[in-house]
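The structure under discussion appears below in the form of structure tokens.
Just so it is clear: chains get the letters A, B, ... in the order the sequence lines come, proteins before strands, and each one is counted from 1.
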Amino acid sequence: MSYVQIDRLSKRFKETTVLNQVSLSIEKGELITLLGPSGCGKSTLLRCIAGLTEVEDGGKIVVGDTNITQLAPKAREVGMVFQSYALFPNMNVYGNICFGLKMKGVKKEEYKERVERIIDLVDLRGRENSYPHQLSGGQQQRVALARSLVVEPKILLLDEPLSALDAKIRKSLQTEIRRIQQELSITTVFVTHDQEEALTVSDRIFVMDHGNIVQIGTPKEIYAHPASEFVARFIGNYNVLKRAEMVQLVGEIVMAGDAFAIRPEVISLVPRGNEASAQSKNGWSVESVVRSMTLKGNVIRYEVETNHQKMQVDVLNTSDNHWIRVGTPVFMRIPAEECIPLQ
Amino acid sequence: MKPNKVFHASLITIVMIYLFIPLVATFLYSISTDWYRTILPEGYTLSWYKELFTDPRFLDAMQRTLFVCFLAICISVTVMVPTIFIVTVYFSRWERTLQGLVMLPYAIPGVVAAVGLIKLYSSGPIVLSGSIWILIGAYFVIVLPYMYQGIRNSMRTIDAIKLVEAAELLGASRMQAFWKVIFPNILTGIIVSTLLSFSTLFGEFVLANLLVGGHYETMQIYLIRRMSESGHLTSAIVVTYFILLFALSGIVMRLGKSSSKEGSR
């Protein structure tokens, strides 16, 4: 049996269903991500696990052997890191970190070593006496993490913990959170709307939409095999074509599926005049024209137009890939094995 | 100096002169022996202040005012802080109702409130008319808007709901979350509201005069009564009164500044 079992959890706010009979299970020591757009119910699910939001009758949350559905937040033994950190402004870093231990009645002699260890783990040595307003966003987030971890919770809940930070710090903290999680082997639920973040940190991703879990899988599975149009559009910049659009683009196809997803990086562009190299055994070459070009750093994103529709194509930005000018007629080469059929 | 700046500077100077001349004149009159025929007083003395501070009536009135204000504000803090905390954190849908309720005293003129209170409490199960309790009760009501706004704003600034949730998840009870996390962080807000209420009550005359009047001579009533006796003495009272209020406002502004600095960090 899995370590965390969530069974048919529902939540309604007046007439709006925020969670619709959600069931999921998490293994011990696993980091799962709840990924979805704003309003999909991911944060509500997290708050239900924490006991900060009541669930409708019939739902059940079991952690280990304990049914925690009706327990008060303080009795659940869950740690939570909020998006806004929620550090106590009147306490310094040390005070914030040992608050939970004091509340649980742990004696100073006993918790001193634990607090010191966690300060080292989150790399806050030397900042113990600083107050939250004297710390940077990244440091505040580390304090919030340390404060939740030091009480040794059964599950750690992270509610969009990095969304208020700038891109560079966010990336380094993603790696750090993953390192700490693996070092402590703590079962973790991470909520985010950033697909790149989800792909970076997770063991498994649970994609949510309108209060339902629409796909579960490892980052690789989710990215390479989106199960639906929603997942394909949300997880990457997939070109999603209805069956009729696909037929218009490449002619008759034998594959089953109502729609098809094609990743922009699997399509290649061959300038007209190089028709021979544009031919491929297992795929299609489509005549088209480059309509726009955007430099994204490591890739160049082209918007390419055929007679029927516009497609996005990503080309690696290397010195031997010459930039194709807007208005250039090209062949778009689409490998058949990279067309993912969707339900 | 640019012509625009000259205009601004002279405008401000005129306004300042307009505001300060009465104060300066009152102060000079309070330390003058005679001031009838000359531009400046003919002689200076502190005897009016001496008379004032040795008058047992003045000291009694001051004590009474301090007592009534202090008691009303104590009751207000004791009632309002937990109420606002509970409504903000646990019953947020009642917030608008509470806000509407505490803002009512703004809308009701003092005279109307006084007449209503006298009528209500002069007979029936609770008779309070003429006693200081009716004044304390009325004072409790009129400071509600100041107390509510100040305390509510500090709770909003610190995001009290999230802090309580964080504290509870770390094993704190609701009481512990309030005392150890919320209270220390809203303390500045409470002090500012308290001082603001205090300076409002200290200058309040209508309710004091109509509700207790001669039974219980407060500072304001004393001031009005002595006004007819000697202009110099009245000026001394007014100056003392101003210095007290000025000191109070200074403390409020200092605390307000430091709390807004903390909030913006």
Side-chain angles (χ1 to χ4, degrees), chain A residues 13-14 43 46-47 49-53 68 71-91 95-106 111 130-137 140 143-157 159, chain B residues 81-82 84-96 150-193 255-265:
Chain A
F13 289 117
K14 289 182 183 164
S43 285
L46 203 74
R47 291 178 61 83
I49 300 174
L52 300 173
T53 299
I68 63 165
L71 293 184
K74 62 180 274 191
R76 293 189 177 210
E77 292 184 71
V78 298
M80 185 159 173
V81 175
F82 294 86
Q83 190 176 356
S84 56
Y85 321 131
L87 296 180
F88 306 138
N90 57 317
M91 296 177 203
N96 264 284
I97 296 177
C98 54
F99 180 83
L101 296 166
K102 280 184 189 165
M103 291 301 110
K104 285 181 195 300
V106 182
Y111 71 62
S130 306
Y131 282 84
H133 68 261
Q134 297 168 321
L135 301 174
S136 68
Q140 289 188 36
V143 179
L145 192 63
R147 186 177 71 174
S148 307
L149 287 172
V150 78
V151 290
E152 295 172 359
K154 286 181 175 168
I155 335 168
L156 177 65
L157 309 173
D159 188 7
Chain B
V81 173
I84 297 168
F85 171 72
I86 291 167
V87 169
T88 306
V89 178
Y90 300 108
F91 298 97
S92 47
R93 64 200 159 117
W94 289 99
E95 223 178 299
R96 281 191 166 253
I151 298 166
R152 175 73 193 87
N153 287 350
S154 353
M155 289 219 190
R156 220 172 251 184
T157 311
I158 59 163
D159 197 355
I161 297 175
K162 275 275 167 326
L163 290 188
V164 168
E165 285 180 351
E168 282 189 38
L169 279 167
L170 288 166
S173 66
R174 288 177 177 187
M175 273 304 260
Q176 283 171 322
F178 174 73
W179 279 114
K180 291 190 183 294
V181 178
I182 302 301
F183 187 73
N185 288 307
I186 59 166
L187 191 59
T188 319
I190 296 175
I191 295 172
V192 172
S193 308
L255 284 170
K257 241 187 208 169
S258 69
S259 78
S260 70
K261 248 187 219 165
E262 270 164 35
S264 64
R265 270 166 187 167

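- Contacts between A:R147 and chain B at a heavy-atom distance below 4.5 Å involve backbone atoms as well as side-chain atoms.
- In this structure, the side chains of A:S148 and B:L169 stay at 4.5 Å or more apart for every pair of heavy atoms.
- Counting only heavy atoms from C-beta outward, the side chains of A:M80 and B:E165 never approach each other to under 4.5 Å.
- By a heavy-atom distance cut of under 4.5 Å, not one residue of residues 84-96 of chain B is near chain A.
- The side chain to side chain donor-acceptor pair (under 3.5 Å) test applied to B:D159 returns no partner, not counting sequence neighbours.
- Put simply, of A:E77, A:Q134, A:K74, A:K104, the one with the most heavy-atom pairs under 4.5 Å next to chain B is A:K74.
- When side chains are defined from C-beta on, B:K180 does not count as touching A:K102, because their heavy atoms never get closer than 4.5 Å.
- B:N185 contributes a side-chain N or O that, together with a main-chain N or O of A:N90, makes up a donor-acceptor pair within less than 3.5 Å.
- In this structure, CD1 in B:I182 is found 8.5 Å from CZ in A:F88, a value given to the nearest 0.5 Å.
- The part of A:L87 that comes within reach of chain B is its backbone (N, CA, C, O), which places non-hydrogen atoms under 4.5 angstrom from that chain.
- Going from atom NZ of B:K162 over to atom CD of A:Q83 covers 8.5 Å, rounded to the nearest 0.5 Å.
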